[in-house]
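Written below as structure tokens is the structure these notes are about.
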Amino acid sequence: MSDSLDPEDWAQSRERARAMLDAVIDRMERYDEGAVWNAPEGVQPDLTPDKLGQGEAAADAALRGLLPYGVGNTHPRFFGWVHGAGTPSGLMADIIAAALNANCGGRNTGAIKVERAVIDWARQLFGLPDDASGLITTGTSAATIIALKVARDEALGADVRETGVRDQKSLVGYTSAGGHSCLDRAFDLLGLGKSALRKIEMDERGRLDLAALDSAIERDRADGLTPFIVCATAGTVNRGAIDNLSGCADIAAREALWFHVDAAFAAALQLSDAHRHRLSGIERASSIGFDFHKWMQVNYDAGCVLIRDEAAHRAAFSDDPDYLTGLERGLGSAKPWPVDYGPELSRGFRALKVWAQLIEHGPDRLGQIVDANIAQAAYLADRVTREPGLELLSYEELNICCFRYVGDGSADDLDGFNQELVIRLQESGIAAPSTTRIDGKLAIRVNITNHRTQLSDMDVLVEGVLEMGG
Ligand SMILES: *Cc1c(COP(=O)(O)O)cnc(C)c1O
């Protein structure tokens with residue numbers, strides 16, 4: 001048995017890492033070739049005893065074997081859900097992060113300074129005050145749980161951390177019927193119950209109806225309940241609708257409610273000179289949850305929560321056990337630490353990918369990707385409108401376009417037909433849209449958050465749909 005500390009072994013490991021890097025970079029150079037998605041038939045990851053400890057060659061082959069089997073979001077014609085495409089700087093940053101093997105829960109390290117710099121940049125991007133706080137998270141789901149925990153504790157008082165939520169029926173919050181399920185999940189996890197999150201109806205463009213919000217708050221107060229939060233959405237998953245953020249902020253201010261904005265992917269509009277105005281009002285948020293790994297193209301995973309009131313943020317998470325007490329100097333200094341702002345102690349160095357992305361490409365270039373994707377969705381919506389066999393179901397002038405194949409209008413099960421069509425598009429490898437329902441109709445949903453996508457990819461998609469449909 002070899003001694004893993006043997007310098008010879010280390011040298012060999014480094015050579016293997018170099019060879020693997022070549023394989024990975026080759027793969028990145030060919031992202032636009034081949035099928036968007038390959039069913040993972042060739043992946044056999046079982047760890048039965050005969051597979052364990054087979055040595056370096058087996059490990060290298062197993063790792064290389066995974067390369068063709070991503071979800072497909074690195075390919076220019078991946079249009080499903082909302083996935084970012086990643087960049088080579090993400091690869092480099094992850095290599096450095098692994099080499100540092102940084103644990104970013106706290107302590108006086110360069111990694112923590114990088115995370116603070118990223119949060120500071122994000123805080124300025126959205127126009128939050130200098131003393132606002134934040135945390136890099138796995139994504140918007142985690143960011144939402146953190147933001148809503150701070151909001152809940154503010155509403156119930158600091159004691160709730162000791163006593164727990166005793167009267168979970170009293171706190172209620174609001175989002176639109178197009179709000180993301182991560183909000184429901186946060187209500188569940190925070191002991192408030194999903195039913196305490198009211199789903200307010202949407203207007204014809206998929207935005208939270210402000211008059212309906214007013215009435216819901218009034219009704220709940222009359223019923224003796226305690227409204228505590230309005231959760232606006234900037235960029236709904238289904239259609240890319242952006243709530244009237246200023247209108248929501250006004251209502252939240254008037255009613256003394258926490259104003260949270262879920263800007264998971266549309267946060268990237270803030271990088272675009274042409275589209276920034278669409279997020280107007282976000283600077284009034286009590287908290288914002290958003291993703292770097294979607295439209296900002298940072299490799300998975302990296303999201304962020306920003307909280308206007310730093311003291312409230314820290315009060316909701318800081319515990320200060322003896323073994324994490326801050327010191328004046330040395331490794332134990334430079335408090336507060338990320339562990340004071342979120343639920344995790346040990347955590348990886350996600351901030352580095354974001355930092356590297358910003359240094360390499362810069363906000364302007366990232367904003368141009370946003371502009372290009374919006375133009376591609378407009379082109380697609382226009383082409384769909386002009387194709388007699390297709391029907392446009394929703395398009396909110398953002399990066400999402402939903403439509404369906406109707407052919408000559410004679411088919412009776414259009415929902416089943418379009419569902420099958422999308423599966424076939426995915427299986428053929430031509431393109432990978434997803435599906436959703438718009439006004440009850442099953443839609444082919446095309447989301448474009450990909451710097452590799454070209455206008456011509458829209459034509460390939462439409463022709464693929466027409467061919468498979470007809
Ligand atoms: C993707 C998304 C989320 C969830 O974010 P994750 O990073 O996947 O956890 C929440 N809200 C909206 C609007 C989203 O698009």
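Atoms within each ligand, like the ligands themselves, are counted from 1 in listed order. Predicted model only: the values in this text are computed from it and were never measured.
- Comparing Ile400, Thr140, Thr137, Val82 against atom 5 (O) of ligand 1, the shortest heavy-atom distance belongs to Thr140.
- Listed by atom number, the atoms of ligand 1 under 4.0 Å from Phe265 heavy atoms are 15 (O).
- For ligand 1, the atoms lying closer than 4.0 Å to a non-hydrogen atom of Cys182 are 10 (C).
- By heavy-atom distance, the residue among Arg185, His180, His293 lying nearest atom 4 (C) of ligand 1 is His180.
- In this model, no donor atom of one side chain and acceptor atom of the other lie less than 3.5 Å apart for Asn73 and Tyr300.
- A salt bridge is defined here as a Lys NZ or Arg NE, NH1 or NH2 lying under 4.0 Å from an Asp or Glu carboxylate O, and Glu115 with Arg347 meets this definition.
- Between the side chains of Thr140 and Asp291, at least one donor N or O sits under 3.5 Å from an acceptor N or O.
- Counting atoms of ligand 1 from 1 in the listed order, those under 4.0 Å from a heavy atom of Asp291 are 5 (O), 6 (P), 7 (O).
- Distance alone, capped at 3.5 Å, places no donor-acceptor pair between the Thr233 side chain and the Thr236 backbone.
- With respect to atom 2 (C) of ligand 1, the closest heavy atom belonging to the protein is Lys294 NZ, 2.3 Å.
- Remark: the backbone N or O of Ser456 is not paired with any side-chain donor or acceptor of Gln376 at under 3.5 angstrom.
- Regarding atom 9 (O) of ligand 1, its nearest protein heavy-atom neighbour is Ser141 OG, 2.6 Å.
- Distances shorter than 4.0 angstrom do not occur between any heavy atom of Gly303 and any atom of ligand 1.
- The residue from Asp209, Asp220, Asp184 that alone fulfils the salt bridge (charged side-chain N to carboxylate O under 4.0 Å, His left out) condition with Arg198 is Asp220.
- Considering all non-hydrogen atoms of both residues, Arg276 and Gln270 come closest at NE-O, 2.8 Å.
- Among all protein heavy atoms, the one lying closest to atom 12 (C) of ligand 1 is Ala264 CB, 3.3 Å.
- Here the heavy atom of the protein found nearest to atom 13 (C) of ligand 1 is Gly235 O, 3.4 Å.
- What sits closest to atom 11 (N) of ligand 1 on the protein, heavy atoms only, is Asp262 OD2, 2.7 Å.
- No hydrogens or angles considered: nothing links the side chains of Trp295 and Asn399 as a donor-acceptor pair under 3.5 Å.
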